[in-house]
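The model shown is predicted, which means the values in this text are computed figures rather than measured ones. Whatever order the structure lists ligands and atoms in, that order sets their numbers, starting from 1.
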Amino acid sequence: MIGDFVKADLPYFDVCISNTPYQISSPLVFRLLSHRPIFRTAILMFQREFALRLVAKPGSTLWSRLSANVQLYAKVDHVMNVGKNNFRPPPNVESSVVRIVPLDPPPPIRFEEFDGLNRIIFSRRNKTIHGNFQAKGVTEMLEQNWRTWCSVNNQTIEDDVNMKKKIEGILSESGYLETRAAKMDVNDLLKYARYLSLTGYVS
Ligand SMILES: C[S@@+](CC[C@H](N)C(=O)[O-])C[C@H]1O[C@@H](n2cnc3c(N)ncnc32)[C@H](O)[C@@H]1O
């Protein structure tokens, strides 16, 4: 293609095959997943570590915000290893080819809402959700989201809001208080993100 794949207007396509520089791996994947109409399949080459995070399963050491964000929207498979000695001169890193097949229809949540939750809970993925929501800065951000949500939805805000208590209440209601992101699969995360989004805490 001519131009920057991440920024250019993309024409209709059914299949995408690419071997781009590895520094644009993440924007490339998210550009593809947000593209409409949904394409059929993409065959892409990435640095091995990035590819393994794309396909990582919940509970494994590589399960991360990237794995969850991508697997919410697509089925991802590792197709083959491509060793560095296949190139002249050999690069410093190993490569892998992956296949990305977007889910059609896509899941019923905005990417920003799902990623908003993942950003918080994968920052310390082995801590409990409860622990992560107590982290410095997180309570302030949730309060900001909640206040915006209240004003958009014409909800009255009490004078003396105890945000920590409010968040504790929401977390216990959700049933995920003691769960760790490292162990949550995409369905758990989706359910939880929808819950927080409906109550105004992630946006
Ligand atoms: C590793 S080479 C691969 C060339 C060829 N596709 C192949 O497999 O032999 C990476 C290619 O990606 C192109 N490229 C770099 N940044 C890009 C971007 N942001 N959008 C689209 N193409 C890009 C480069 O111009 C270069 O041709």
I'd like to know if E168 pairs up with K165 as an ion pair, taking the criterion as any Lys NZ or Arg NE/NH1/NH2 lying under 4.0 Å from an Asp or Glu carboxylate oxygen.
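No, E168 and K165 are not salt-bridged.
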Run the numbers on V97 and L44 for side-chain contact (heavy atoms from CB on, under 4.5 Å), then give the verdict.
CA-CA 6 Å; V97 175; L44 312 162; over 6 Å; no
From atom 6 (N) of ligand 1, work out which of I24, L28, N19 has a heavy atom at the shortest distance.
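Closest candidate by heavy-atom distance is N19.
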Flag: protein heavy atom within less than 4.0 Å of [atom]:
{"atom": "atom 15 (C) of ligand 1", "value": "yes"}
{"atom": "atom 27 (O) of ligand 1", "value": "no"}
{"atom": "atom 24 (C) of ligand 1", "value": "no"}

Keeping the roles fixed (side chain from R125, backbone from A181), state whether a donor-acceptor pair exists under 3.5 Å.
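Between the backbone of A181 and the side chain of R125 there is no qualifying donor-acceptor contact (under 3.5 Å).
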Could you tell me if any non-hydrogen atom of G3 lies under 4.0 Å from any atom of ligand 1?
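G3: in contact with ligand 1 (<4.0 Å).
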If a pair satisfies salt bridge (Lys or Arg N to Asp or Glu O under 4.0 Å) and one of its residues is in residues 64-78, list it, with sequence neighbours excluded.
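Output for this query lists R65-D115, K75-D77, D77-R99.
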Any chance CD of Q144 has more than 12 other-residue heavy atoms, nucleotides or ligands included, within less than 6.0 Å?
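It does not: Q144 CD has 12 such atoms or fewer within range.
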Heavy-atom distances under 4.0 Å decide this one: backbone, side chain, both or neither, for V6 against ligand 1?
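It is neither; nothing of V6 touches ligand 1.
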Polar atom proximity, T20 to ligand 1 (N or O, under 3.5 Å)
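Checking ligand 1 against T20, no N or O pair falls under 3.5 Å apart.
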